[in-house]
Structures are given as C-alpha cells and as structure tokens.
Amino acid sequence: MSRELRLAVFLALPVLGIAFGIVRAETHVAAAKRFVFDVTGFDPRDLLQGHYLQYRVTLTESGSLSSCQDQEPDCALCVHALMEGAPPALQRFDRRAGEPSCDATISTMYLDRLQRFYIPEARALELTDKLRIAADRNRAQLVVAVDGQGVPRAEVLELDGEEVRQR
Amino acid sequence: MKLEKKLEEWEAHGLIDGAQRARIVAHEGQHTRPVLLYALGGLGAFTIGVGIISVVAANWDGIGRVAKLSLDLLLLTGLGAGLFMAQRAQRAITTEVLAGIYYALTLASIALLGQIYQLGSPVYQALLFWSALTFPFMTLVQGRLLGLTWLAGLLTSEWVCLVALGDSLQENPLYGDAFTRELAAALIVPSWLLPLLLAHLPVFARKRPEVARVFVEALWGLFLVAALTLACVFYTNVTHDDRVHWGQLPFVAALALLGGLLPRLYPQIAPAARGGMLAILGIVACGAVFGVSFARSELPAVAALLQVALLACAAFVCLKLGSVRAFHAFTGLIALRVLIGYFELFGSMLDTGLGMITGGAFTLLLAWLWKRKAPVLAQKLLDQGGDHVA
C-alpha cells in the first residue's frame, strides 16, 4: 500500500466509523417494532443526571416459559402486543430452550439501556418536573423500538400526552 | 537565549573559544524544534475541540437530527481532508492542530450518535470505538502536548474497559468479588506495561521521538504515583477474605519482565540509574506481596517507610539521569512525607502548646536539613559513580 493511500485510509476511518454508526442506527429505526411501556420515577434525587432523565420502565412479566437471569446472553422477553397504547404482555424465556412465537423478543441484557433518556440540556429542569408529575398520575410512557436481534431502544417519552424525542 | 548566556560564560572562563562557540550556536540553530509553537498549536486544537463539543451541547434543541448528523459528517470529512493535505505538504504545525481537533471531534461525534439514537451503550464501548478509530491517524502526531492528550485518551479508554470488565465479573455469580479482585491485581501492571512497550517500539521512537519521550516520562510518573498509592494499602487491615493469591503472579511477573528489559529499553542511561529503577520495581513487588498475601492489621509505619524508599529511589534515578532539579523536588517530597509521618504519630500533641512548639521546630529542622544537605548529597552521589547521562 502506498504511503498516501495508507494515510487516506487512516484519516477516513473516523468518518467511515461514524457513517457506519448512523447507517446501523437508521436500519434499527426502520426495521424495529414499537411497543409502549409505562415508566415510573426512580428516585426524585436521581431523576436528572446530566443530560438525561432516569426512570424505571415497568416490565410486568406474566409468568415465564423458562427461567433465566437478566445478564445471561440467552435470556429474553417474549413480547405480545395487546391494545394500541397499552403495555404489551411479557414472558421470560431462555433462547436455548427454544424460541417461542412472539411479536418481538427483547434481550434482557439490554434492559439497562432503556432506563435513561437523553434530553436537551435547556429543558432539563422542566422535563424533570414533568416526568415526576406524569409518573405520579400514571401518565408517563416510553415507546421502545425493538429490532429483529432483540435490541431495544428508547424512542419517545410521553409525559402527560406530550411527546419528548430527540430531533 | 539561555544557551547564548551559558556560552558567553564558558567563553569568558576559557572553557571554549570563539570558534567553538559559533559552531555550537550554528548547530543548535539547525536543530531547534519549535516546542512552544507545537504546544500552542496543540492547546489551540484542544480548545477548539472542547468548544465544538460545547456548541453542540448548547444548541442541542435547536438543530434537527439530519442537520446535526450531516454537519457532523461534513466537519469530519473536511478535517480529514485538511489533515491529509497538511500531512502531504509536511506542515507539522497544521497537522498537529488539525489532528487535535479531529481527535476531539471524533469523540464528540460518537457521543452525538449515542444521544440522537438513544443508544444507551456503556461508556467503555464508546471509548473503545473512539480509540480504535483514531489510533491510526494519531500516529501522525509529533508534539508533546497532543502526544500527552493521546496517551491520556488511551489510558482512560483502557481503564474504563477494565472497570467495566470488573463490574460485569463482579455481578456474575460464576466469578464474584474474589475472582474480580485477583484479576484486577493480575492486570494492573500489564495494563500499564503495554503502552510503555508501545512507546519503546523502535519505529515509534525513531519517527515520533517527542511523543515516545512524553509517553515514557508520563508512564513512569504514573507508575510512581500508583506505587505511592499502593503503599497506602498498609493503612488498612487485610482480612482472610481480602487476600490476593494467584493475581500476584502476573503482577510480579510483569515487574520482573520489565526489570529484565531495563538494559534493552534504556541502554543509553547510566547503570546506576537503571539500578534505581530496578529498586523501585522491587519495592513495589515486595510491598504488594507483603501487603495482600496474608491477613494482618494496619501497618501505617510500613506505608510511610515504603513511600520514603520509593521517593528516595526516584530522587536517585533523577540525579543519575542528570536532573538535579527533579532530585531536589523528590528530596523535598521526602521531607514532606517525614513531616506527615511525624504528625501522624504525634498529631494529638498539637492540641497542646508544647506539641505545637515541637511540631513547628521539627518542621523548621527538616526545612533546614533539606536546604543544607540536599545539594551536598547530590554532589556526593554524583561524585561517587561518576556516571552521567550518556
């Protein structure tokens, strides 16, 4: 490889890496199915940490098909969509014991990633209050986009009817 | 300016003649590196990088997703192209400045991506991605400041990855606390040794001498700080469950490997300096083995002695490397450590007037000893071996 070509490759790496990240994220957005989950306040003192809101996503499981722990790579939640706007039914299962028929599956090892939502710094205090009030009224929900690999991503936070999302 | 003054002095004392002086001035003039310019360039690049991050953060709400990402990609591409041209035209300062901005902007872009798409990925993944993407082009860096920034980025990424590994092992019922502690002990020296060996790669040292030098200096400084901190283990008691077993083997083996490699890594320095470095490695190995091998109560005196021994060795090494100023700094630290030891022992006496008088007198005595004896000791040690930096 000539010196100039090598230099060009070195310098193109960051651009290609970021472009790859964008394509990957857009593919996820396009291919994902969306489900709505209720969220509750985690602890008033922990709601705001820097530029993101922290909360607890209510994942009520209606029994399990096979037992497994959150951190195990083969552990997942089988998602069954119910009425529109209502949280789906969830059943825990171990992929090694067979894949059940579900509307989507969520790998449990990624659940931690749903517990925070990036927000504009300028609206931090306002949204913190809104989240607290909406959570108290049971009117705080999170739209989660789940792709075919079982990777979930927080997409929209709905607080008392107001949609909060990254533009 | 400093050199000219010195040369004038030497000529006045008959050490060199006018012709020699002119030759020295001409030689130095040809080999002068614009260190200040590099430093300012690096500082400017770093500031712009931080500024870009701040601007993105401050205008978060006002810019749409597509605009944000397009602008970001455009900026990255423009910087990459500029860097390519600067490197081709061998414009060292421009390369330095652009590389600094490119380095910071790549991290900012990864953060931007994570926030726009709510990726929620762990920090270690972002840092690892950043280090992997930027490593190849950062090998173009020539200046000390940007070299140091790069080293800080690499070490932070490495450290965050190790902490994440430790956290995941700790949470895993198969491994737990004890295994994680052993692994942490096992990896601590190798994780430091890796960048040091990188800095000593012949091709790196030859093509990027300033960066290689700053890597070596910073890593040895970091090692000394870590060793001084490690000595503090004697301030706590070690229970039966706290002991470290197999984790010590890689720890000591890595130190032994480094000890064995010293003559190859530093063939140009005085053997006495290498002896001092070997002593530091030995003290760290013995301190770690003795400190965590068996259950024991607190031993603050051992902590103090280890720290004084480490500082003494560091002072000796600096002197043998020809840095009298660093020698005085370390002997000053020794005096300070002795003073801290005195107050640890007799701190309660400070409640009384007599205690304050003796404490103050001891402080003055130490200051006097340091001022009077340190230069004498430095001269004596220099005369003893007669070996200086080659």
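Order of the sequence lines sets the chain letters (A, B, ...), proteins ahead of strands, with each chain counted from 1. Below, all heavy atoms of this structure are taken into account, side chains as well, without hydrogens, waters or symmetry copies.
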Other residues, nucleotides and ligands only: do more than 12 of their heavy atoms fall within 6.0 Å of [atom1] on [X]?
X: A:E61; atom1: CD; answer: yes
X: B:I188; atom1: CD1; answer: no
X: B:R91; atom1: CZ; answer: no
X: B:F204; atom1: CZ; answer: yes

For the pair B:I116 and A:Y118, evaluate side chain to side chain contact (heavy atoms under 4.5 Å, CB included) and give the outcome as yes or no after the intermediate values.
CA-CA 8 Å; B:I116 284 179; A:Y118 288 96; over 6 Å; no

Contact origin within B:L113 toward chain A - heavy atom pairs under 4.5 Å
side chain

Measure B:Y102 against the heavy atoms of chain A and call it side chain, backbone, both or neither at under 4.5 Å.
side chain

Report yes if the side chains of [X] and [Y] come closer than 4.5 Å at any heavy-atom pair, otherwise no.
X: B:T134; Y: A:L13; result: no
X: A:L7; Y: B:F137; result: no
X: A:R113; Y: B:L119; result: no

Contacting region of A:V151 [heavy-atom separation from chain B under 4.5 Å]:
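Looking at A:V151, nothing touches chain B.
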
What heavy-atom pair brings B:G80 and A:L11 nearest, and what distance separates the two atoms?
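Answer, listing the atom of B:G80 first, then A:L11: O-CD1, 3.6 Å.
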
Let's go through A:E155 and B:Q118 carefully: what are the C-alpha distance in whole Å and the side-chain angles of both, what is the deciding distance for side chain to side chain contact (heavy atoms under 4.5 Å, CB included) to 0.1 Å, and is it a yes or a no?
CA-CA 7 Å; A:E155 200 168 72; B:Q118 303 283 350; over 6 Å; no

Output the option from A:Q71, A:H28, A:E72, A:E26 having the highest count of non-hydrogen pairs under 4.5 Å with chain B.
A:E26

Among B:D72, B:L76, B:T139, B:L79, which residue has the highest count of heavy-atom pairs closer than 4.5 Å to chain A?
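Counting heavy-atom pairs under 4.5 Å, the top option is B:L76.
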
